[in-house]
Number of protein chains: 2
Amino acid sequence: MKKRITLKDIAQTFDVSIATVSKALKDSHEISAKTKTKIQEYAKQHHYKPNVTALHLLNKKTKTIGVVIPNILNTFFAKVFIGIEHIASQNGYHLVSCISNESFEKEVKTIDLLKHGHLDGIIISLAEETQLKQNFTHLKNTLNEGIPIVMFDRVSDELECDKVIVNDLEGAFHATNHLIKSGCKKVALISVIDNLSVGKLRVEGYRKALNQCNISIDERLIVRINKHEDFDTALKIILSDKSIDGLLCLEESAAVNALHLVKKMNYNIPEDLSIACFTNGKLLQHVTPSISAISQHGKHIGQTAVKMLIDRIENEANPKPFETKVVKTSLIERESTRRLH
Amino acid sequence: MKKRITLKDIAQTFDVSIATVSKALKDSHEISAKTKTKIQEYAKQHHYKPNVTALHLLNKKTKTIGVVIPNILNTFFAKVFIGIEHIASQNGYHLVSCISNESFEKEVKTIDLLKHGHLDGIIISLAEETQLKQNFTHLKNTLNEGIPIVMFDRVSDELECDKVIVNDLEGAFHATNHLIKSGCKKVALISVIDNLSVGKLRVEGYRKALNQCNISIDERLIVRINKHEDFDTALKIILSDKSIDGLLCLEESAAVNALHLVKKMNYNIPEDLSIACFTNGKLLQHVTPSISAISQHGKHIGQTAVKMLIDRIENEANPKPFETKVVKTSLIERESTRRLH
DNA sequence: CTGAAAGCGCTAACAC
DNA sequence: GTGTTAGCGCTTTCAG
């Protein structure tokens, strides 16, 4: 790297002390107007910029936030990221971003790398594997070392920190309710994310809706498919029960896959089968028919999370108690569900 | 932030000098086995980790790369990012990532923030507005200050640095060729990205293909639509020429929008109209019919870009001449184009 | 074997 | 007004 000009260099050219230069550039009243202008002009001409690393060392603050996201191709996480980035850059914070790729090992490594780094705080949504293993040592350690963490979406009760979560239970409740109210007699639930905290909450919401409608819960209608299973086969088995006329999918790709399959099976949608799902990605708008979705307001979640983190960082002197903010979902009705009359 | 343990702390507890501790932790042969073990054990127990900021200051290297991406919701850029992240983390580099959101101003601000930062290098794809303005001062300055830049996809000849580009011309050439060979007599081109370098190259490729097939170029078939125009209306006008039976869209969303429109107009696809487009995103696989795409191998581009950058950073002593690597595209045939017989 | 000292670039309290 | 000094946390010569 070409050497950048430092205070020392300037001090030497004018044969003054480094402190004088520093003060001159800060427009300190201690320095004579003459000295100030000559130093300031010289600095400007030579594009002097303070070395931020030196400042970091001095201030023990880096204005940098670590962001750990499971998968950036997932619309929801991408939107959250946009929200985070927006507010962070507005406040002069840098983002060091990492993708855990749903792997526990990568997440641990990442956190390790990050915390010995120069971070003022971390925003994270847990990797799937981490939620499965329920091993949070890496994060507990980080908190113990005094680095604030804000978790979002996929969180854990075991960690004492700020959190931003989606009201998954209510989201599933409303969607299920909508399916029933719009005429579905038998709603099945398809989960490929039963490992995730949010997956479990969504199942709760589904149950709550059925209960409230006085429909007895048939556990066989709650289908948990894991990654290594064949999705199509699993779905075909459940759909051999021809009386199923509603499908609540817990995330986007399951819904899209299901749609393709049932179209091949010559179902009419939404007449024979209604479909609704979580995460409002572009895909759902563009498939035929378009799929009704529960929006989790990703951008807003991201914004909320950074705000909480920055707040904690900048007020570490008198910390508030940890908070969990709940973001409401909204149901976006499309062609895959029938309208209420 | 809770104070982390430092060399100084350890030195004090054992009443030795800081230098001794530093050497002991590095397992230096200068230090007695006894001293080493006791210090190492103590350090481990107390989770000693060197303060990387101090090291940055010392080494004038931060193992951090800045990444500026126009839009993370765009599949192509997301994939590039994944590629970058993968290789970067493998090599122990952090990523400071920013979204320019296609805005010139944000890009300039970002670069400014980044370069006074602590970066060893920058990877960037230009914002649309930047390509439109053709103002690259911010990047030229950065290069002048000795910070290496690798540009990808949306690049500029005015900047002397390493680049990774897609063979856009050949990609468009092949796709157009495919449309013709599979029976299209009149292929129109839809560009919503005529501001971009890549957009222009793709048009070139289209022309080249027509030329090679001895089809005279009808400029009215090259449709440039800008963001503020109504896409549907523009498309309807061009499709009033009923003899058009092929459509080359320069990016994903235009293709999807076009598909929806022509389906409404009761075209049969691919029989009445074949469609191909750039950027192989998930959407294209899932719409009905699925759309043939030109894959740009985003992940590979990202990987190539970081590798070039890391190479340059770590061998700054003897720099190579700047290089431009060209990544080949591949055509992925789907239902929206006819098969060759 | 261990320590003192200098230095990375900067700031701030305190002298002069 | 300007300079000196110490210090942020660490490494690395060079003395002892």
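All chains are named by letter (A, B, ...) in the order of the sequence lines, taking the proteins before the strands, and each is independently numbered beginning at 1.
Note: NZ (Lys61(B)) to C1' (dT11(D)) measures 16 Å, nearest angstrom. Between Ile18(B) atom CD1 and dC1(C) atom C1' the separation is 18 Å, expressed in whole Å. Summarising the geometry, the separation between CG on Leu58(A) and P on dA12(C) is reported as 7 Å, rounded to the nearest angstrom. Rounded to whole Å, atom C1' of dT2(D) lies 15 Å from atom CG of Leu25(A). To the nearest angstrom, C1' of dT2(D) lies 17 Å from NZ of Lys26(A). Counting to the nearest Å, the P atom of dC10(D) and the NZ atom of Lys49(B) are 13 Å from each other. In this structure, the NE2 atom of His118(B) is 15 Å from the P atom of dC10(C), given to the nearest Å. At whole-Å resolution of the value, CZ in Arg4(A) and P in dC8(C) are 15 Å apart.
No engagement by Phe14(A) is indicated, since no non-hydrogen atom pair under 4.0 Å with the nucleic acid exists. Residue Lys23(A) is in base contact, counting any heavy-atom pair closer than 4.0 Å across all strands shown.
Ring geometry for Tyr42(A) against Phe14(A) counts as perpendicular: the plane angle is over 60°, on a 0 to 90° scale with 30° as the lower cut. Ring planes of His118(B) and His94(A): tilted class, angle from 30 to 60°.
Within a 6.0 Å radius of CD in Glu160(B), no more than 12 heavy atoms belonging to other residues, nucleotides or ligands are found.
Picking from dC10(C), dG9(D), dT11(D) the nucleotide with the shortest atom distance to the side chain of Thr6(A) gives dC10(C). Considering only side-chain atoms of Glu30(B), the nucleotide from dG3(C), dT11(D), dG3(D) that sits closest is dG3(C). Candidate nucleotides dG3(D), dT2(D), dG3(C) were compared by shortest atom distance to the side chain of Thr35(A), and dT2(D) ranks first. Side-chain atoms of Ser32(B) lie closest to dC1(C) of the nucleotides dC10(C), dC1(C), dG9(D). Of the candidates dG9(D), dA5(C), dA13(C), dA5(C) carries the atom nearest the Ala19(B) side chain, counting heavy atoms from C-beta on. If you check dG3(D), dG9(D), dT11(C) against the side chain of Asn51(B), the one that comes closest is dG9(D).
When the side-chain nitrogen and oxygen atoms of Tyr48(B) are compared with OP1 and OP2 of dC10(D), one or more of them lie within a distance under 4.0 Å. Of the side-chain N and O atoms in Lys8(A), none sit less than 4.0 angstrom from OP1 or OP2 of dG7(C). Between Ser22(A) and the phosphate of dC10(C), there is no side-chain N or O to OP1/OP2 separation shorter than 4.0 Å.
Positionally, the nearest nucleotide of DNA chain D for Asp15(A) lies more toward the 5' end than for the other of Asp15(A) and Leu7(B). Of the two residues near DNA chain C, Thr20(B) and Ala54(B), the one whose nearest nucleotide lies more 5' is Thr20(B). For Ser17(B) and Leu57(B), each mapped to the nucleotide of DNA chain C holding its nearest heavy atom, the one lying further toward the 5' end belongs to Ser17(B).
Of the N and O atoms on the side chains of Thr137(B) and Asn135(B), at least one donor lies less than 3.5 Å from an acceptor on the other residue.
Between the Lys61(B) side chain and the Asp120(B) main chain, no donor and acceptor come within less than 3.5 Å of each other. Of the possible polar contacts, one joining the Ser125(A) side chain to the Phe152(A) backbone as a donor-acceptor pair under 3.5 Å is found.
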